[in-house]
Amino acid sequence: MRKTALLNGKIRTPQGYVRAMLVEGQTIVLLGTCEEVAGAGAGAEKIDLGGRLCLPGFIDGHMHFIAYALSLEQIGLNGCRSVQEVRSRLKTFLDHEKPPQGSWVVGRGWNHELFDDGRIFEREDIDGLTPDNPVILTRVCGHVAVLNTRALEALGIGSDSRFPGGVVDLDEKGVPTGVVRETVVEWVHSRRPLPGPDKLRDLVARAGKRASEAGLTSVHSDDLGSVGGNWQGIIDLYMGLDREGKMPLRVTEQLLLRDRPALDAFLSSGWRTGDGSPFFHIGPLKILTDGSMGGRTAYLKEEYSDMPGAFGVPIYRAEELDGLASAAHRAGMQIAMHAIGDGALDMCLDALEKAMSEKDRDARHYIVHCQMGCMEQYRRMARLAIGAAIQPPFVPSDRPMAIRRVGERRALSGYAWKTLKDLGIFLSGGSDCPVEPFDPLWGIQAAVTRQDRSGFPRGGWNPSQKLTVAEAVDLYTAGGAYASFEEHRKGSLEAGKYADLVVLDRDIFTFSPEEIGDVRVCLTMAGGRITAGSI
C-alpha cells in the first residue's frame with residue numbers, strides 16, 4: 001500500500017497544529033511530530049511542506065460541475081458590459097469555430113445588470129449573426145436565456161407555448177421575444193444534442209484538473225439539468241471513472257428530479273442518499289422552488305421594488321411541493337431545496353415541516369442559497385434543524401442588484417450568514433459555479449470581508465454578518481462534510497479520515513483577510529493521491 005509522509009508543515013487539526021502526517025492508501029493514519037511520523041512511516045514517500053499551512057481539502061457545497069465542464073467549449077459571456085459586447089463575442093466564436101449549419105451554438109454568463117442600458121437583449125439582437133444555427137445564450141444565473149429565431153423555430157416555441165413553472169416572454173404583438181425563463185431554459189437544453197460519453201469524460205477530466213488546482217477535493221453537484229435529467233447516465237459516468245481510478249475529486253450528486261414520476265422512477269431503482277463509492281455517491285433530491293433575483297424570478301413575499309406588481313415565479317403549487325417533499329422524505333432521501341426569495345423559503349419550510357412530521361429521522365434537509373429571509377424564518381429553520389448551502393461570493397456580486405430589486409431594508413435582512421450560524425443552523429459554503437468561479441479561497445475572503453475584489457464597500461456590506469476566518473474555512477471543509485453525512489470521513493484532518501488536503505503558500509490566519517483570495521494552492525491531495533501541484 002502506498003505510504004506518504006508529509007513533514008515540516010503547519011497542519012491544522014481539531015486539536016491544534018501538528019508538524020507531520022502519515023498517509024496510507026486513502027487514509028490518514030498518524031498525525032504528530034516529524035520524528036513520530038518518520039519512525040512509523042518506514043519506506044514512505046516524503047514530502048517536505050516547508051512550514052506551509054495544510055488544511056482539509058476544500059468542499060464546494062453547491063455547484064454544477066457538468067455545466068462547468070460543458071462551458072469549457074461554449075462561449076464565455078461573463079463580464080460583458082453591453083449587448084454589443086455579447087454580439088462581438090458571439091461573432092468571434094462563430095468566425096473561429098465555424099460551426100456546421102444547423103448545429104447548436106451555446107453560450108453562458110451574460111448579466112444585463114452590467115450592460116450600459118440595463119436591458120435584456122432579444123432574438124433580434126443576435127439573429128443576423130447566424131441565421132442557420134440555433135443559438136441559446138444563458139444568463140449567468142442559469143434561470144434566464146435568450147434564443148434566436150432559428151432556435152425558437154427548431155423547438156416549436158410560439159405564442160401559445162406554455163411551460164409549468166416557466167415563462168416565454170412575448171412582445172406587444174404576442175410574439176416570442178426569444179427570452180425564456182426558469183423551466184423553459186432547462187427544457188431547451190434537454191432538446192439540444194449533448195457530447196458523447198467519451199467527449200464528456202474528457203471535459204470532466206479537464207474540469208476536475210482546474211477544480212483540483214483551486215484546492216477542491218469534493219463538490220456537491222447538481223448535474224441533471226445539464227444532461228436532460230438522465231440520472232442513470234450521470235451515475236454511469238462518475239462510477240465508471242471511479243472504478244478506473246480517474247475521478248479527480250469526490251462528487252455528491254444533488255438529483256434534480258422535477259416531478260413525482262421522475263422521483264418515483266429513481267426510487268424504484270433502489271438508489272438512496274448515501275449510496276455509491278468513495279469518490280461518488282447519491283446526495284439529496286434537489287428541488288427548484290423559484291428562480292433568481294437578477295432575473296426577477298425569485299419568489300418574494302413583497303413585490304419587487306424596481307418592478308411593482310411582480311413577485312417572481314414559484315415553480316410549484318404548494319400541494320405539489322408538499323407531495324414531492326413528503327415522498328422523498330418517507331423514502332429516506334435527503335432533500336435540498338433551492339430558495340432565493342423569502343416567499344419560496346416559506347413554501348420550502350412548510351413542505352419540509354409537513355414531511356418531517358410524518359417520520360422522525362436525521363434527515364439533514366437544507367436550503368440551497370437561502371438568500372432572502374427574516375428572523376422568524378431563520379428561527380424556524382433552526383427549530384426544524386434545516387441547514388443552508390450558502391454562496392459567500394454572492395454578497396459582493398449581488399449587492400448592487402439586490403438593493404435595486406428589493407430595497408436596502410429587505411436586502412439587509414438577507415445574505416445573513418452570521419445570523420444563520422449563530423442560530424445553530426448547519427452551513428456549507430459553495431460557488432454555484434458556473435454562476436461564480438469555484439475558488440474557495442475567494443469564497444472565504446468574501447465571507448470574512450463582505451467586500452468585492454476592489455475592497456468596496458469600505459468595512460463590508462452589512463458587516464454584522466461577517467464571519468471569522470476560522471468560521472469561513474469551516475464552511476468549505478467541515479460544513480460540506482456534515483451536509484453529506486460524511487463528517488466521520490472528511491472535513492477535518494484526523495487519523496482514520498480520508499487524506500483529502502490542501503497546502504497553501506501562506507497562512508491565511510495570520511494576515512489581512514483582504515489578501516486571502518491571492519493565496520496560492522501549492523498542493524492538493526484527494527484520497528492520498530496528488531491531484532494538483534507539487535512541492
Review point. Does some side-chain heavy atom of Ile28 sit less than 4.5 Å from a side-chain heavy atom of Glu494?
Key: no

Check your understanding: For residues 378-397, which residue pairs qualify under salt bridge (charged side-chain N to carboxylate O under 4.0 Å, His left out), counting only residues two or more places apart or in two chains?
Key -> Asp350-Arg380, Glu353-Arg380, Glu353-Arg383

Check your understanding: Within a reach of under 6.0 Å around CG of Asp362, are more than 12 heavy atoms found that belong to other residues, nucleotides or ligands?
Key -> yes

Exercise for review: Say whether, by atom type as modelled, one donor and one acceptor occur between the side chain of Asp259 and the main chain of Ala262 under 3.5 angstrom.
Suggested key: yes

Review point. Just how far is it from atom NE2 of His64 to atom OG of Ser71, taken to the nearest 0.5 Å?
Key: 12.0 Å

N/O donor to acceptor pairs below 3.5 angstrom from side-chain atoms of residues 333-341, sequence neighbours left out:
residue : atom : partner : partner atom : Å
Gln334  : NE2  : Arg364  : O            : 2.7
Gln334  : NE2  : Ala483  : O            : 2.9
His338  : ND1  : His369  : NE2          : 3.3
His338  : NE2  : Asp290  : O            : 3.1
His338  : NE2  : Asp290  : OD1          : 3.3
His338  : NE2  : Gly291  : O            : 3.0

Point to revise | Any pair counted as side-chain hydrogen bond (donor to acceptor under 3.5 Å, both in side chains), so long as it reaches residues 515-535, sequence neighbours left out | key: none

**Study point:** Donor-acceptor under 3.5 Å (Tyr316 side chain, Arg258 main chain)
**Key:** yes

**Study point:** Asp60-Tyr476 side chain donor-acceptor pair, cut-off 3.5 Å
**Key:** no

Practice item. With sequence neighbours excluded, tell me which residues meet ring pair (Phe, Tyr, Trp, His ring centres under 6.0 Å) with Tyr366. Key: none

Point to revise | Arg489 side chain reached by Pro278 side chain, heavy atoms, under 4.5 Å | key: no

Review point. side-chain hydrogen bond (donor to acceptor under 3.5 Å, both in side chains) with Arg450: which residues, sequence neighbours excluded?
Key: none

Review point. How far does CG of Leu22 sit from CG of Leu31, to the nearest 0.5 angstrom?
Key: 9.0 Å

Check your understanding: Hey, does Leu55 have a side-chain heavy atom less than 4.5 Å from the side chain of Leu504?
Key -> yes

Review point. Considering only heavy atoms from C-beta outward, does the side chain of Asn8 approach that of Cys34 to under 4.5 Å?
Key: yes

Check your understanding: Sequence neighbours excluded, which residues qualify as ring pair (Phe, Tyr, Trp, His ring centres under 6.0 Å) partners of Tyr498?
Key -> none

Check your understanding: Has the side chain of Arg108 got a donor or acceptor atom that lies under 3.5 Å from a matching backbone atom of Val140?
Key -> yes

Check your understanding: For the side chain of Glu186 and the backbone of Thr183, is there at least one donor-acceptor N/O pair under 3.5 Å apart?
Key -> no

Practice item. Nearest 0.5 Å please: distance from the NZ atom of Lys466 over to the OG1 atom of Thr449. Key: 7.0 Å

Point to revise | Arg453 vs Glu514, salt bridge (charged side-chain N to carboxylate O under 4.0 Å, His left out): CA-CA, chis, key distance, verdict | key: CA-CA 8 Å; Arg453 292 185 187 272; Glu514 287 77 13; over 6 Å; no

Review point. Should the pair Arg2-Glu45 be classified as a salt bridge under the 4.0 Å nitrogen-to-oxygen rule?
Key: no

**Study point:** Counterpart residues, ring pair (Phe, Tyr, Trp, His ring centres under 6.0 Å), relative to Phe279 (two or more places apart)
**Key:** none

Point to revise | Partner residues of Thr273 under the side-chain hydrogen bond (donor to acceptor under 3.5 Å, both in side chains) criterion, sequence neighbours left out | key: none

Check your understanding: Do Arg272 side-chain atoms and Ala331 backbone N/O form a donor-acceptor pair below 3.5 Å?
Key -> yes

Check your understanding: Looking only at heavy atoms, which two atoms of Leu53 and Tyr17 are closest? And how far apart?
Key -> CD1-CE2, 3.9 Å

Exercise for review: Would you check if Leu423 and Met381 make a side-chain contact, meaning some heavy-atom pair closer than 4.5 Å?
Suggested key: no

Point to revise | Any residue meeting ring pair (Phe, Tyr, Trp, His ring centres under 6.0 Å) with Tyr68, in chain and number order, not counting sequence neighbours | key: Phe438

**Study point:** Nearest-0.5 Å distance that lies between atom CH2 in Trp231 and atom CG in Leu255
**Key:** 9.0 Å

Practice item. Answer yes or no: is there a side-chain heavy-atom contact under 4.5 Å between Ile508 and Val473? Key: yes

Study note, to complete from the structure: For Arg139, the side-chain hydrogen bond (donor to acceptor under 3.5 Å, both in side chains) test, sequence neighbours excluded, returns Asn111, His112

Check your understanding: So, the side chain of Ser292 versus the backbone of Gly295: is there a donor-acceptor pair under 3.5 Å, distance only?
Key -> yes

**Study point:** Ion pair check, Arg250 and Asp500, cut-off under 4.0 Å
**Key:** yes

Exercise for review: Please list all pairs passing the salt bridge (charged side-chain N to carboxylate O under 4.0 Å, His left out) test where one or both residues lie in residues 419-444, with sequence neighbours left out.
Suggested key: Lys418-Asp422

Check your understanding: Which pairs, with at least one residue in residues 221-241 and sequence neighbours excluded, count as a salt bridge (charged side-chain N to carboxylate O under 4.0 Å, His left out)?
Key -> Asp222-Lys286

Practice item. Flag the pair Lys354 and Glu358 as a salt bridge only when some basic side-chain nitrogen lies within less than 4.0 angstrom of an acidic carboxylate oxygen. Key: no

Practice item. Flag yes if more than 12 heavy atoms outside Glu376 fall under 6.0 Å of its CD atom; otherwise flag no. Key: no

